[in-house]
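Worksheet: the structure to be examined is printed underneath.
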2 protein chains.
Amino acid sequence: MLEEVQLSTFYTDNEKLLVAVDSVIFGYEDGQMKLLLFKRKIEPFKDKWSLIGRFVSPKEDIREAASSVLYDYTGLKNIFLEQLFTFGKVFRDPGSRVISIVYYSLTRINDFEKKVVEKYDSKWFSLNEIPELVLDHSEMVSKARMKLIEKTQQYPIGIDLLPEKFTMPQLFNLYQSLYDRKLDDRNFRKKIEGMNILKKLNEKDKRTSKKGAFLYKFDKKKYNQLLKKGYDFRI
Amino acid sequence: MLEEVQLSTFYTDNEKLLVAVDSVIFGYEDGQMKLLLFKRKIEPFKDKWSLIGRFVSPKEDIREAASSVLYDYTGLKNIFLEQLFTFGKVFRDPGSRVISIVYYSLTRINDFEKKVVEKYDSKWFSLNEIPELVLDHSEMVSKARMKLIEKTQQYPIGIDLLPEKFTMPQLFNLYQSLYDRKLDDRNFRKKIEGMNILKKLNEKDKRTSKKGAFLYKFDKKKYNQLLKKGYDFRI
DNA sequence: GCAAAAGTGTTTTCACTACACCCATGA
DNA sequence: TCATGGGTGTAGTGAAAACACTTTTGC
C-alpha cells in the first residue's frame, strides 16, 4: 500500500498507454532455423498467425513479463532472451494505441517442448515459410532475423540452439543455415577449434553416418573468458 | 473523433502505464566526444543532472516524441537518431511506474546550437567528466556509449559528428577519442582511403597548422552503396 | 566392396601492423 | 631558419581462403 502511494505521487498530469511485450522465438531443428508462431486468441485478427505476447502490468518488470510469457507458452525457463526493439507507431495496432516491446529468444526444439507447444495452437515454421502475420509482427520478425545474424558475431549462439552434446557437422550446418550460404568445412573446423571453447567428448553420434561423428560440448568457462576480452566470433 | 472510438474498442481490461522517451545526445568538439545533459525541471530530483526527455502522448509515435524533444531543446532537426533500449523495471523511477524508451543521437556542436542549449540550463560534458545522473540515466548513458562503439563498425559516424568539410587529422582524432586509444595515423589514412567514401576537396584548413590540411567531404552515394553490401567500417 | 558421411594439411593471398622520414609554411 | 603539424611508403606477419583426398563402417 505504501508503495502504491509513493508511486502515484508524481507525473499525475500525464496520460498513460497500453504497453505489451511480444516475443520472437527461434529454434533449430532438422538443419533449419525455425520460428514459433501462434494463432491469435483475441480480436481484432483472432485466429491469424502472430507472435506471442501480452500486456505488461504495472507491477512487473518488462523483462519479467517477456520471460513469463515464454514460460507460459513453451515451458522454458532461463533460456536466451534479449530485448530487440520497441514498436510505438500510433496506429500499429488497430485495436488500440499499444506500445510493444519486442524480445527475441533462442531455444532448443525438443520433444518435451513440442507437447507444451501443441497445446497452444502454435507451430514451428521454417524461416522461408513464414505466413503473413498480424499487425507489424512481420517487421518484428525481420528485425529479429537481422539481429540474430549480428549476434553471431559476438556470441556463439550454438550454445542455445543445439542440444548440449552436438557434432561438428551439426554446428557447421547451423551456421550455413544462419548465413544462408555455403561455407568451407575445413576452414570452419579450424576457426571453431581455434576459439577453444569446445570440449571434445569420447562419444560418437552414429545417427547420421556409419563412421559416426564425435560429440562436443560448449565449455562455458572458456567462453566467458573470451567474452570479457571482446572476442570476435565471426565465422 | 472516429479514431478515438476505433482505438478504444479493444483491450479495455488492461491497465495502462506512463511511457516516456529519453535522449542520449552525443556531440564532438575540441577533439573530444561530449554528452549533453540537463538540469531536471520536475520533482523528484529537481535540479539534478539528467538526460532530456518527456512523456509520450497517445497521439504521437514514439520516434516522433524523441525527435520533437531533440528539436525543442537543441533546435536540431533531421539528425542521426536511433532507438537504443527500453528501460522498464518497476521501481526505476521513484516518482511513478514509468517505461522509458531511450534514443541516442549524434550532432555537430556548433555555435548556433550552443545558444539554444544555454537557454535550457544544459551543458556539454566530456565523456570522462560526466556527473552523477538521476534515476537509471547513468546506465542509459553507459549503454549508449557501448552502442556508439558498436555503431562505428557498421556506419561511418563521422558523417554526423564532424562539420560537412573536415580534415583527416580531425577524423583521426575523432576515432582515437571514440576508441580511447592511440591509433597509427598512416594505417588509419590507408584504411579510410580504401573505403572510398570520401571526396578530397581542393581547399585546406589552415587553422591548426601552417602547412594546412586538406578538407574532405563524405560521399553519401558511395557510402550507401557500401552499406547495401554490408561493408565493415571497423578501424 | 562400396556408398556415404567424417575428418584432415598445405599453399596462396591479402589485409593489418609496425615503423621513420620529408613537406610546406608562417612566424 | 626553424618549429609545427601534415603527409607519405615499405617490409614483415598472421589470419583467412582455396582446394582434394583418406578414413571408417554398416549394409
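Just so you know, these numbers use all the heavy atoms, side chains as well, and skip hydrogens, waters and symmetry mates. Worth saying up front: this structure is predicted, and the values here are computed from it rather than measured. Note on naming: letters A, B, ... go to the chains in the order of the sequence lines (proteins, then strands), and numbering restarts at 1 for each one.
- Atom CD in Glu203(A) sits about 17 Å away from atom C1' in dA6(C), given to the nearest Å.
- For the pair Asp205(B) CG and dT4(D) P, the interatomic distance rounds to 19 Å; values are reported in whole Å.
- Rounded to whole Å, atom C1' of dG5(D) lies 14 Å from atom CZ of Phe214(B).
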Distance-only criterion, 3.5 Å: show the donor-acceptor pairs between side-chain atoms of residues 74-81 of chain A and protein atoms not counting sequence neighbours.
from, atom 1, to, atom 2, distance (Å)
Thr74(A), OG1, Leu70(A), O, 2.6
Thr74(A), OG1, Leu76(A), N, 3.1

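- Both tests do not hold together for Lys89(B) against Phe87(B): distance to the six-membered ring centre under 6.0 Å, angle to the ring axis within 45°.
- The distance between atom NZ of Lys182(B) and atom P of dA18(C), rounded to the nearest whole Å, is 15 Å.
- Ring to ring, Phe233(B) and Tyr175(B) are not that close: their centroids are 6.0 angstrom or more apart.
- Taking atom CZ of Arg189(A) as the reference point, atom P of dA16(D) lies 18 Å away to the nearest angstrom.
- One atom, CD of Glu193(B), and another, P of dA15(C), lie 16 Å apart when rounded to the nearest Å.
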(request) Could you run through nucleotides 18-27 of chain D and give me one letter per nucleotide, 5' to 3': B if any protein heavy atom sits under 4.0 Å from the base, S if only the sugar-phosphate is that close, - if neither? (result) BBB--BBBB-
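- In this structure, Leu183(B) atom CG and dA18(C) atom P are separated by 11 Å, rounded to whole Å.
- Nearest-nucleotide mapping onto DNA chain C: of Thr208(A) and Lys200(A), the residue sitting toward the 5' end is Thr208(A).
- Residue Lys151(B) places its NZ atom among more than 12 non-hydrogen atoms of other residues, nucleotides or ligands, all under 6.0 Å distant.
- Taking the six-membered ring for Trp, Phe214(A) and Tyr216(A) have ring centres at least 6.0 Å apart.
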Taking only distance into account, with no hydrogens and no angle test, what donor-acceptor pairs under 3.5 Å do side-chain atoms of residues 22-29 of chain A form with protein atoms, sequence neighbours excluded?
from, atom 1, to, atom 2, distance (Å)
Asp22(A), OD2, Ser100(A), OG, 2.7
Tyr28(A), OH, Leu174(A), N, 3.0
Glu29(A), OE1, Lys34(A), NZ, 3.2
Glu29(A), OE2, Lys114(A), NZ, 2.8

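- The distance from atom CD1 of Ile192(B) to atom C1' of dT8(D) is 16 Å, rounded to the nearest whole Å.
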